[in-house]
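What follows is one structure encoded as structure tokens, with my remarks underneath.
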Amino acid sequence: MIEPRKSTNFIRQIVDEDLAAGKNGGRVVTRFPPEPNGYLHIGHAKSICLNFGIARDYGGRCHLRFDDTNPSKESVEYVDSIQEDVRWLGFDWGEHLYHAADYFERLYEWAEKLIRDGKAYVDEQSADGIRETRGTLTAGGSESPHRDRPAAENLDLFRRMRAGEFPDGSRVVRAKIDMSSPNINLRDPVMYRLRRESHHRTGDKWCLYPMYDWAHGQSDALEGITHSICTLEFEVHRPLYDWFLDQLGFAPDARPRQIEFARLNLTYTVMSKRLLSSLVQEKRVDGWDDPRMPTIAGLRRRGYTPESIREFAERIGVAKADSTVDVALLEDCIRDDLNPKCRRMTCVHRPLRVVIENYPEGKVEELETPYFPDDPGREGMGSRKVPFSRELFIERDDFAEVPPKKFTRLSPGKEVRLRKAYVLKCVGVVKDDRTGEVIALRGTVDMDAGFDAPKDGRKIGNAIHWVSAAQSLPVTLRLYDRLFTVPNPGAGGQDFRAVLNPASLEVVEGARAEPAVAGLAPGDRCQFERRGFYYVDPKDSAPGKPVLNRIVPLRDAWAKIAKGQ
RNA sequence: UGGGGUGUGGCCAAGCGGUAAGGCGGCGGACUCUGGAUCCGCUAAUCGGGGGUUCGAAUCCCUCCACCCCAGCCA
């Protein structure tokens, strides 16, 4: 379990200063404003934790608002998934669920005002025409031939646009600002476009849809947002939002303060909705909730906990410098959270049969084994019976015919501890005549020592996990690895498809688990000792036939040693 | 080349003029019937470079450099 930590960042400092200055009557209102055009990912989680976290800590509130201004990309599937994900992360917007679409009428009235005031106009240039006259980064643009049309004519045109008299793409309304502004966003930005598209919320009421830039600032203002927290790319739009609010008469001290922070990047994955969407569309993963996806739904399906993601958001901090966080940090967060929570069980991933020649045939001992063995303070966390018999399965990896340096597990003539059971000695190796492959082991067990230390005082190095062959439960394991083979997929303009990790999912069909695993319910988590934390997949598990997703492997000191050799 | 941002150890990130927190990673050790957990220790930053101001600068000023964002009728 994770200790909540106190966070401090430049945004909270700004909130502190505003409060100290007596702004907003002491209110703190934030918002999380997703566009419902895809599933939320861990980058959104950062923003969600930031916005809801500030609201919580300052006794304010955080709105959930869908910035649904573009019906051609949005859908209720996304609206629903977003709400589910935010709730799952542990946040509650109470009554404060909003939609930019609910402000369409109000925005329309405001647009009429701007037109009447000569601050906006209907432009019938083509999209290409507008682009060509926008200028370049270094040179200003040129004004539209329709820019100085009389207000009355603009108003008439605008109303007819709304009434559906003109085809899509035939005209737009633009703010009349400054075509020579060094800030391109101020070169008469488009406010409305015609789009005959059914909206998930307003249906076919409109054929005229506001641009995000025209909707966002006013939406915040309408809701009384005090601190409008967004990512860096909107920094250059801030002057535009201010311009709109100026024209509409919002007093400078009565509007949201926009604060920008750097979006999250994570190594070995991609974070843009566009890229994630194409992974789904091209079936390179199995949907938005594929456990390899950095989506909230994917992480949840993988077995991540809300606590671990919140802790992650806390640990990475918030700043304005572009950064890429090492996934190892995320993995540390989930291990940290799960380690004290998850019962320990046994699952042999790649079984190797061992016949114990000095153990009676047909005998089965039921060993009472605690779920948190050797864990001080957790003795009372329960136990289960684990069968022991003459034929076991051990992990193939735990046997080496010729042990490499520092290998401390089983090899011919050597002893190893069977976890929570006897000391096993390998007295023979059974091989396939044809291939020479090791297919079974012959062993003996130190009956004299029993479950205790050998009487002669000899030291037994390591303990390996095992399962009684006859009673073991066949399970399907899904071992997940990073989705990409390089830390920054897509960097330098390369096609991210070319660096997809072909081994990001390994399905292990022949694994054998101890009987208690049958008692796990869909959605349960456990630790398979010496392997990792696992999650019983809620969709693909059937009664008596669990499918377990590996959430994260345990830290593996041996892997490091082996890698070094 | 216009405008807007950002540069602190491998990766995040504190620091807000008084002489570089913390986390992750890496490395080593202790302990261990999970090569897990836990516990110790170590590692590594001329604070992007160069000037200046100051008794004193990562923090202030100047300048240079690098990187990111903006030319959707996307958000």
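Lettering of chains follows the sequences in order, A, B, ..., and the numbering in each one begins at 1.
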Considering only atom C1', compute the distance from B:U34 to B:U43 and round it to an integer number of Å. 28 Å

If we take the P atom in both B:C16 and B:G22, what is their distance in whole Å? 16 Å

Where the side chain of A:Asn339 is concerned, which of B:G25, B:G26, B:A37 is the nearest nucleotide? B:A37

Among B:G72, B:G23, B:U34, the one nearest A:Arg530 by side-chain distance: B:U34

If I take atom NE2 from residue A:His44 and atom OG1 from residue A:Thr231, how far apart are they, to the nearest 0.5 angstrom? 8.5 Å

Would you mind classifying the nucleic acid contact of A:Arg417 as base, sugar-phosphate or nothing, using non-hydrogen atoms under 4.0 angstrom? base

Please identify which of these residues, A:Glu260, A:Arg257, A:Arg238, A:Arg31, meets the side-chain hydrogen bond (donor to acceptor under 3.5 Å, both in side chains) condition with A:Ser228. A:Arg31

From the set B:U34, B:G2, B:A75, return the single nucleotide nearest to any side-chain atom of A:Arg344. B:U34

Considering only atom P, compute the distance from B:C27 to B:U46 and round it to an integer number of Å. 23 Å

Heavy atoms only, 4.0 Å cut-off, all strands: where does A:Ser323 land among base, sugar-phosphate and nothing? sugar-phosphate

Report the nucleotide, chosen from B:G35, B:A75, B:C11, that has the shortest atom-to-atom distance to any side-chain atom of A:Asp326. B:C11

I'd like to know if A:Glu395 pairs up with A:Arg530 as an ion pair, taking the criterion as any Lys NZ or Arg NE/NH1/NH2 lying under 4.0 Å from an Asp or Glu carboxylate oxygen. no

All heavy atoms of A:Tyr422 vs all of A:Asp446, minimum pair found to be CD2-O, 4.0 Å

Is it the case that the base of B:C16 and the side chain of A:Gln13 share a donor-acceptor contact (distance under 3.5 Å, atom types as modelled)? yes

Determine the interatomic distance between P on B:C65 and the same-named atom on B:G10; round to the nearest Å. 25 Å

Expected label for B:G72 (glycosidic angle, syn inside 90° of 0, else anti) would be syn

At under 4.0 Å, does any side-chain N or O of A:Arg274 touch on OP1 or OP2 of B:C74? no

Name the nucleic acid region contacted by A:Val325, choosing base, sugar-phosphate or nothing; use a 4.0 angstrom heavy-atom cut-off, strictly under. sugar-phosphate

To the nearest 0.5 Å, what is the distance between SG (A:Cys333) and CD1 (A:Ile309)? 9.5 Å

Look at the side-chain N and O atoms of A:Arg419 and state whether any lies under 4.0 Å from the OP1 or OP2 oxygen of B:G35. no

Testing B:G35, B:G3, B:U34 for proximity to the side chain of A:Asn183, the answer is B:G3

Rounded distance in Å between the C1' positions of B:A20 and B:G56: 15 Å

Integer angstrom distance from the P of B:G17 to that of B:U59: 11 Å

Under the 3.5 Å rule, do the base of B:G35 and the side chain of A:Arg409 count as making a donor-acceptor pair? yes

Interatomic distance at P, B:A14 relative to B:A21, whole Å: 15 Å

